[in-house]
Amino acid sequence: MPLLFRIRMILAAAFLIWAGLSSGIRPMLADWRSWAASGTEPDLIDREDRRYAALAASLPTEGVVGYLPPGRWPAVDEVRRFYLAQYALTPRIITIGTAAEFVIVVPEVSPDGGDNSGATVDDPRLAGFVLFRHFSNGIRVFRRFG
Amino acid sequence: MTAGSTLALLLPALAAYLVLRQLRSGSTAPFSRVLAAAVAPGLGVGFASCAYFLLLLLVRNQHTAVRLDAGLWIMATGSLLARQFLQSRNPEQADDGIEGDAGGRPAWHPALIITAVGVLLLLAVAAAAFWLHWSLNPHGEWDAWAIWNLRARSLLTGADWAAPFSPAIAWSHPDYPLLLPLTVARLWAYAGSEGTMVPAVVAALFSLSSVAVVVISVGRLRGWPAGFLSGMALLIARTHVFQSSCQCADQPIGFFILVAIVFVTMSRGATGPGPSC
């Protein structure tokens with residue numbers, strides 16, 4: 001291999017090592033700081049998985065389940081929380097609205113009334129539904145009656 | 001990763017390796033060992049997900065499909081190993097150990113050592129970045145859990161495996177290819193749980209295989225220093241490492257496009273292309 005070719009190879013390697021380290025180290029350090037700050041806290045998806053774990057046991061194992069989000073979540077957060085509910089409750093199909101027999105109502109909705117099984121609530125979106133289960137973490141499941 | 005899911009990953013990879021090694025091009029040159037080893041894990045994952053899909057279609061039951069899948073890959077790998085063993089005893093068909101390429105064994109010189117050390121250094125940085133990002137996001141980025149791992153979960157837990165293709169969840173792109181969800185669902189089924197390690201290992205496998213394929217294929221065609229430089233050029237791209245730890249499908253599809261390009265390039269260089277077993 002000619003000497004000039006080897007020198008070019010070494011220079012190219014030096015440049016690529018410099019470029020690789022300068023592009024890779026900074027985001028890695030940022031991740032390191034976030035990781036150190038997060039400690040042993042479970043990530044958002046694990047938290048939502050646990051949040052829906054008890055609920056999953058009391059819903060039908062398959063089929064469509066409604067989901068009622070609050071009106072005041074930021075749009076991105078609302079979409080993410082809804083997708084996370086789908087991820088936690090799969091293989092059920094989760095749809096926004098009250099067309100299904102069962103509807104999940106997250107604590108942030110807080111409709112008036114409906115604290116006991118069989119009770120109705122004042123929220124017009126839940127007309128025709130009664131409380132099916134109320135979980136300790138605030139999530140409620142309503143079921144269509146009639 | 002349990003022993004079961006590790007075997008579920010290794011058996012198809014070994015089968016793909018043996019098939020590649022037993023292929024002969026028209027020039028009778030055997031497929032390079034190192035390139036076969038780099039390509040085989042990804043191809044094995046691809047073949048295994050196709051077979052698993054067909055088994056699910058056939059039996060419509062996750063547990064039966066897993067048992068049949070295990071039997072299939074044990075038999076396939078066993079028969080390929082037996083064939084390899086018989087060929088090695090037959091001097092006419094035995095592999096003479098020559099790689100059949102111009103690359104051969106590299107002669108160590110400073111340029112080669114520096115480029116090899118460079119690629120190892122950047123690989124170490126990429127591995128650390130991958131691990132940190134995975135520790136922060138064990139379920140992957142948004143698309144990973146909202147599309148790919150969601151579909152894998154549905155395939156694993158649903159009695160009706162076709163449920164995740166419902167148009168009611170069109171936002172999760174039910175029309176997207178099933179390679180990744182089927183691979184993750186299959187490995188989860190072998191593991192018996194939905195551990196976050198499985199999608200991460202699949203992502204790392206495709207990412208690492210892509211780097212290896214670039215290094216080896218360019219190394220064989222243009223010499224090992226050029227191969228190592230090409231690997232470094234791939235590893236300096238921050239997006240390559242980020243997309244790996246995202247657990248999305250970008251890395252797998254990139255791997256298969258890369259392998260297709262490498263195979264086409266190899267066929268153009270062969271003296272008598274046209275594989276025959």
Side-chain angles (χ1 to χ4, degrees), chain A residues 1-3 5-38 42-46 48-49 56 61-65 76 79-80 82-84 86-97 99-100, chain B residues 107 109-119 121-122 125-126 128-133 135-140 142 145-147 149-161 163-164 166 168-169 171-172 194 196 223 225-226 228-229 231-233 235-239 241-242 245:
Chain A
M1 192 179 284
L3 181 65
F5 182 76
R6 289 187 186 186
I7 291 170
R8 276 163 50 192
M9 284 284 170
I10 292 168
L11 287 175
F15 170 74
L16 288 172
I17 291 170
W18 168 79
L21 293 179
S22 58
S23 77
I25 295 288
R26 197 175 299 166
M28 196 168 78
L29 288 176
D31 275 352
W32 174 266
R33 279 191 286 272
S34 305
W35 181 72
S38 67
D43 76 324
L44 175 68
I45 297 168
D46 282 331
E48 291 290 300
D49 258 349
T61 53
E62 291 189 312
V64 179
V65 176
V76 173
V79 169
R80 188 171 60 166
F82 168 62
Y83 286 5
L84 283 169
Q86 173 64 71
Y87 187 61
L89 294 169
T90 198
R92 300 163 193 86
I93 304 293
I94 311 298
T95 57
I96 289 179
Chain B
H109 51 78
L112 182 65
I113 293 167
I114 288 171
T115 51
V117 168
V119 86
L121 180 68
L122 294 185
V125 172
F130 181 97
W131 181 81
L132 271 173
H133 198 79
S135 302
L136 278 171
N137 304 283
H139 294 269
W142 185 307
W145 55 261
I147 298 173
N149 292 339
L150 167 69
R151 195 88 62 243
R153 256 190 190 189
S154 303
L155 288 164
L156 181 75
T157 55
D160 176 13
W161 68 269
S166 166
I169 49 169
W171 54 264
S172 80
E194 296 170 27
T196 53
F228 289 132
L229 283 179
M232 289 163 73
L235 284 166
I236 62 167
R238 164 75 184 142
T239 186
V241 180
F242 177 73
S245 54

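Reminder, nothing fancy here: chain letters follow the sequence lines and each chain counts from 1.
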Discussion item. Test your reading of the model: is there a side-chain donor-acceptor pair from B:Arg153 to the backbone of B:Glu194, 3.5 Å cut-off?
Written reply: no
Practice prompt. Could you look at B:Leu122 and say if it's the side chain, the backbone, both or neither that has a heavy atom under 4.5 Å from chain A?
Written response: side chain
Fill in: Contacting region of B:Ala128 [heavy-atom separation from chain A under 4.5 Å]
both
Worksheet item: In terms of heavy-atom proximity below 4.5 Å to chain A, should B:Leu136 be classed as side chain, backbone, both, or neither?
Response: both
Worksheet item: Would a distance-only check, ignoring hydrogens and angles, find a side-chain to backbone donor-acceptor pair under 3.5 Å from A:Arg6 to B:Pro110?
Response: no
Worksheet item: Which answer fits A:Ser23, side chain, backbone, both or neither, if we ask what part of it has an atom under 4.5 Å from a heavy atom of chain B?
Response: both
Discussion item. At a 4.5 Å cut-off on heavy atoms, which part of A:Leu44 comes close to chain B: side chain, backbone, both, or neither?
Written reply: neither
Discussion item. Under a 4.5 Å cutoff for heavy-atom pairs, which residue among B:Ala237, B:Pro138, B:Ala126, B:Ala233 has the most contacts with chain A?
Written reply: B:Pro138
Practice prompt. Please answer whether the main-chain N or O of B:Trp142 pairs with a side-chain N or O of A:Arg80 as donor and acceptor at a distance below 3.5 Å.
Written response: no
Practice prompt. Measure B:Val241 against the heavy atoms of chain A and call it side chain, backbone, both or neither at under 4.5 Å.
Written response: neither
Please list every donor-acceptor pair under 3.5 Å in which a side-chain atom of residues 26-37 of chain A meets a protein atom from a residue at least two apart or in another chain.
unit_1	atom_1	unit_2	atom_2	d
A:Asp31	OD2	B:His133	ND1	3.3
A:Ser34	OG	A:Ala30	O	3.0

Item to complete: Look at B:Thr196, B:Leu235, B:Asn149, B:Thr115 and state which one has the largest set of heavy-atom pairs under 4.5 Å with chain A.
Response: B:Asn149
Worksheet entry | 4.5 Å side-chain heavy-atom contact, A:Ile17 and B:Val117 | no
Practice prompt. Report yes if the side chains of B:Phe228 and B:Ile114 come closer than 4.5 Å at any heavy-atom pair, otherwise no.
Written response: no
Discussion item. So for B:Ala226, is it side chain, backbone, both, or neither that comes closer than 4.5 Å to the heavy atoms of chain A?
Written reply: both
Worksheet item: Say you draw a straight line from CD1 of A:Ile10 to CG of B:Leu112; how long is it, rounded to the nearest 0.5 Å?
Response: 10.5 Å
Practice prompt. Against chain A, label B:Ser166 side chain, backbone, both or neither, depending on which of its atoms sit under 4.5 Å from a heavy atom there.
Written response: side chain
